[in-house]
Amino acid sequence: MSEIPLAQAAKRVIPWWLLRHETMLALILLIALIGLGGMNSRFLTLDNLLNQGRLTTEVGLIALPMTFIIITGGIDLSVGSIVGLCAILLGYSWKTFGFPLPLAIGFSLLVGAAAGFLNGIVITKVKVPPLIMTIATLALYRGLAEGISQARSVRGYPEWFYFVGQENLLGVPAQLWLLLIAIVVSAVVLDRTTFGRTLYAIGNNETAARFSGLPVDRVKLIIYTLSGLMAGLSACVLVSRVTTTRSDMGIGYELDVIAAVVLGGTSIFGGVGTIWGTVVGIAMIQLLKNGLALTGVKGDATIVVIGTVLILSTLVASSLQRRREGV
Amino acid sequence: MTAMTLAGVGTDPRRRLKVLASQEALLAIAVIGLAIAVGLNNPRFLAARNLSDVLLGNAYIAVAAVGMSMVIVSGNIDISVGALIGVLATISGTLAVNGAPIVVAWLAALVAGVVVMAFQGVIIAYLRIPAIVVTLGMLSILKGGLISVTGGKWITDLPDSFHLADIELFGLLPFPVFLMILVTILAALWMRYSASGRAIYAVGGNAEAARLCGISQPRTIVMVFALHGLFAGAAALLYATQLRVIQSTVPPNLELTIITASVVGGVSILGGVGTVVGSTFAAVLIAEIASALVFIDVSPYWIRAVQGVLILVTVIADILRRRRMAGA
Amino acid sequence: MKLGLAAAFLGATLLAGTASAADKRWDGADDLPVNPLACSAGEANAAPAAKLYDGGKPTNAPDKAGKPITLVDVPKLIGIGYFNATSKGMQDAAKALGNVTVKTDGPTEAKIDEQIKFIDNYITSGVDGILFAANDPVAIAPVLKKALSKGIHVVGYDANSTPDAREWFVNQAEFNGIAKAMIDSMAKEAGEDKGFAIVTSTFTTPNQARWIAEMWAYAQKCHPKLKWLETVEAQEDNNLSFNQATTLINKHGDKLAGLFGMTSVATPASAEAVTKAKLCGKIAVVGLATPNAMKPYVNADCVKSVVLWNPVDLGYAATYVMRAVVDGSLKPGATSVEAGKLGKLNVVNGSEILLGSPFVFTKQNIKDFDF
């Protein structure tokens with residue numbers, strides 16, 4: 001353990017918050033941005049960055065409640081399938097049931113919440129581990145989306161519906177406002193409320209949290225429901241952006257989301273994590289993909305880079321963490 | 001609650017044996033019951049040819065699930081296995097086409113599987129990075145890397161002798177089925193009766209206690225991943241040699257099928273509990289369900305939903321049963 | 001648990017009952033109108049009414065006539081034989097033209113969401129033209145329109161978008177032409193009054209859904225006694241396709257006299273399933289496939305005909321069309337375009353360029369192709 005004196009030295013010179021995972025990550029991101037920006041003049045333009053925000057909103061919206069869930073030591077693999085199910089039900093209720101579109105949107109959000117609630121209720125009441133429960137509903141919800149839609153797409157929504165997905169509001173992509181609001185609200189909830197502190201308590205030691213009289217089951221039920229609801233919202237934004245519903249929408253989102261959250265320093269073991277870290281994680285993945293593409297790196301090589309970054313950054317973060325704790 | 005169940009099961013070996021036996025027995029009953037139910041509906045389902053095709057076509061999933069079960073029992077998870085199987089199949093096929101001795105082509109898949117998985121095991125065990133992060137990253141690396149290297153060019157013109165899956169032992173038992181049974185029995189015996197096998201349960205069930213008993217947790221985890229790599233290599237060989245072409249891409253959602261087989265087979269994702277016999281039965285059950293749904297004319301649009309419900313029902317029933325056992 | 005399984009089974013059977021009652025058209029996933037061709041080659045097809053140009057137009061595209069241009073090709077997915085072949089055709093054309101650079105890049109899975117992001121990135125990076133094969137005709141439209149609005153030329157091939165989102169679409173073979181070739185081959189090889197089943201990728205894949213719909217219409221019209229048994233999904237996965245085909249063979253027994261493979265993955269896997277079941281000659285396999293994967297089965301006489309256009313030519317033609325658009329030699333209203341070694345290609349349906357009739361590979365000619 002020859003590193004310890006070094007870490008001590010570092011600790012004296014560098015303020016503690018600079019060694020935090022999120023800060024380190026943000027610095028890495030900044031360096032990468034400048035590097036990639038230097039290689040392609042079209043990368044660091046406001047237009048491009050805002051556009052990347054537009055493209056990543058759907059994943060971002062889901063990553064926020066996923067941060068909550070992972071902080072409690074849980075996981076939700078069914079989010080991508082909930083996106084598919086909600087997208088299908090949005091289209092189906094509008095076209096086949098003849099719901100007015102606002103009602104159809106409300107209905108699909110409700111279905112998202114209900115799907116999340118089902119995950120939550122089985123996880124808390126029957127004590128099925130979240131990983132297994134959500135693997136099962138990953139198949140179930142996708143299957144429902146396929147069965148209900150019979151693989152048919154729904155198209156031809158009214159023009160106004162495309163506003164959220166495609167237009168700008170005050171110079172910023174409309175859906176980015178949704179994401180910004182969601183980020184601020186989640187950050188405040190996690191940082192400043194009893195609810196947020198309960199999440200950490202559950203993640204650190206669930207049994208202890210129970211014995212301290214914290215409403216563990218209720219809190220878990222809420223976050224899984226919230227995860228479903230946000231997946232529903234994400235589905236609506238996605239449909240509005242791409243103008244059509246398909247039953248294969250959102251496939252693979254779960255891995256993108258989890259990668260972003262974990263990259264952002266949230267520990268998969270629970271108890272550690274911030275919304276700010278998740279935001280940096282999302283930005284990092286999206287901008288790396290975009291920046292590499294603009295500098296001429298192909299898609300297959302890009303995912304190799306993303307995978308490597310995921311492992312290496314977690315490695316750096318956890319060794320820093322251990323050094324700090326080791327002191 | 002679950003912790004209590006585990007503790008209760010762990011302390012009384014006789015009861016544990018009973019619990020595990022009944023878990024496997026239930027799966028076996030489900031496999032047979034399903035066959036009969038579908039057979040009543042369409043007798044062709046029970047034709048020897050169909051039953052053997054179901055086993056033959058899915059044996060590789062059962063073989064991979066044996067390794068996955070060990071990983072999960074040790075308290076870890078592996079998301080990269082599907083991608084790895086794709087890569088190993090390509091390596092082996094490329095060697096065979098380019099004139100390497102067939103045995104070398106076969107061995108290469110096994111060796112490469114062990115190397116990649118042991119490497120992941122080292123990162124997980126010694127650098128203490130969560131398995132889900134390491135294997136998620138590796139999934140990305142293998143998937144992108146495979147396409148970068150091969151450009152997705154299919155491997156064709158494989159030599160006939162390469163087709164391991166075509167071998168029939170004693171002109172009767174197809175090699176994949178034989179391998180599935182052999183691997184399952186060996187792994188089950190090893191995990192139950194050898195010290196190193198039991199160490200996996202100890203590490204997964206209670207890492208601290210395992211450490212106190214003198215079991216090296218990191219070494220056990222690396223061993224588990226290396227073995228998992230070996231099984232993944234074997235699965236890749238069955239996968240690669242079943243058909244005349246190798247796709248050189250990552251089989252979609254394969255990791256999910258494999259994890260599902262382990263979990264439905266009674267391996268607790270919390271670690272410390274489960275047997276590979278259960279996971280093999282579960283892999284057979286899942287394959288049987290997929291085939292049965294076609295036989296009883298379930299509209300293909302609903303197949304995935306039905307599969308989801310079946311997994312859910314199996315898992316919930318299993319948990320309720322364990323709880324009752326623990327309470328009794 | 002037994003109870004649970006029983007309940008799930010009951011549910012499954014109920015679902016099955018309601019589902020099989022609804023099966024009229026073969027696939028169900030495509031409700032677009034169908035347009036079957038005439039039954040025998042001699043009969044004249046009703047000439048479609050001449051359509052006006054219905055493609056889009058880039059705004060303020062820089063004039064690069066005769067100047068070097070940089071193109072990007074974004075196929076449905078990269079890393080499969082078919083799109084490797086189209087990509088090769090593009091490189092061939094670029095070499096022949098001399099003033100075109102083209103690069104292929106795209107998602108590793110056929111996901112429309114990823115494909116949109118790739119196109120978006122290339123719009124930002126600034127290319128002169130985009131070639132695409134759409135994962136979804138409607139979902140891809142907004143991003144293509146964005147490209148047009150930035151003065152980038154857009155030409156589709158293999159899988160179309162809505163017409164106004166691109167300038168031209170190079171059509172490999174008309175859907176009803178493929179359908180006719182497939183059904184005629186099946187009727188000839190399996191027999192006019194026999195039963196067959198279909199192995200497809202997914203029901204959401206637009207081209208496959210379209211072909212199946214046209215096959216249904218053409219069979220209704222020209223081979224009404226052919227019996228469709230069912231269609232199964234097998235993704236783009238070799239082993240799954242093989243398992244599904246095997247299940248169909250075991251399920252239907254003697255009733256099954258033919259298998260259609262709708263993708264270049266499903267067809268060889270179906271042929272392998274028939275070979276393994278030792279039913280070569282009893283079950284005809286007809287399908288879309290690339291020659292290399294089919295050679296063993298065609299040479300073993302297990303498969304008699306493989307239907308496909310030449311994907312290398314398709315990529316080649318798409319590049320020539322793009323060059324002609326940039327040079328201004330292919331304008332709305334044109335009736336044909338010069339495409340290098342392929343000669344003159346005709347404009348159909350307003351804004352589509354037809355590559356030609358589908359090609360049928362047989363034992364005699366399959367050795368001449370390598371892709």
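Nothing here was measured: the structure is a model prediction, and the numbers come from that model. The chains referred to below are lettered A, B, ... by the order of the sequence lines, with proteins before strands, and numbering in each begins at 1.
- Within the 4.5 angstrom heavy-atom criterion, atoms from both the backbone and the side chain of Ala277(C) approach chain B.
- Side-chain contact between Lys276(C) and Asp166(B): present, with at least one pair of heavy atoms (C-beta onward) separated by less than 4.5 Å.
- Using a 4.5 Å cut-off between heavy atoms, Tyr60(B) contacts chain C through its side chain alone, with no backbone atom that close.
- Residue-environment remark: CG (Asp368(C)) exceeds the threshold of 12 foreign heavy atoms within 6.0 Å.
- Across all their heavy atoms, Trp154(B) and Pro268(C) have their closest contact at CZ3-CG, 4.2 Å.
- Contact of Asn239(C) with chain B is made through backbone and side chain together, with heavy-atom distances under 4.5 Å.
- Distance check, rounded to the nearest 0.5 Å: CZ of Arg49(B) to CD1 of Ile249(C) gives 8.0 Å.
- By a heavy-atom distance cut of under 4.5 Å, Ala293(C), Tyr297(C) are the residues of residues 293-309 of chain C near chain B, going up by number.
- Contact of Asn84(C) with chain B is made through the side chain alone, with heavy-atom distances under 4.5 Å.
- Contact count against chain B (heavy-atom pairs under 4.5 Å) is highest for Val265(C) among Thr275(C), Asn292(C), Val265(C).
- Scanning all heavy atoms of the two residues, the minimum distance from Asn243(C) to Gln242(B) falls at OD1-NE2, 4.5 Å.
- Residue-environment remark: NZ (Lys367(C)) exceeds the threshold of 12 foreign heavy atoms within 6.0 Å.
- The number of heavy-atom neighbours closer than 6.0 Å to NZ of Lys88(C), taken from other residues, nucleotides and ligands shown, is 12 or below.
- Here the shortest heavy-atom pairing between Val294(B) and Leu248(C) reads CG1-CD2, 4.3 Å.
- The most heavy-atom pairs under 4.5 Å with chain C, out of Ile147(B), Thr249(B), Thr156(B), Asn50(B), come from Asn50(B).
- Counting all heavy atoms, side chain and backbone alike, Arg44(B) lies closest to Asp254(C) at NH2-N, 3.9 Å.
- Using a 4.5 Å cut-off between heavy atoms, Phe295(B) touches chain C through backbone and side chain atoms alike.
- When the shell of 6.0 Å around CZ of Phe361(C) is examined, it contains more than 12 heavy atoms from other residues, nucleotides or ligands.
- Here Leu243(B) is the residue among Leu312(B), Asp53(B), Val54(B), Leu243(B) with the most heavy-atom pairs under 4.5 Å with chain C.
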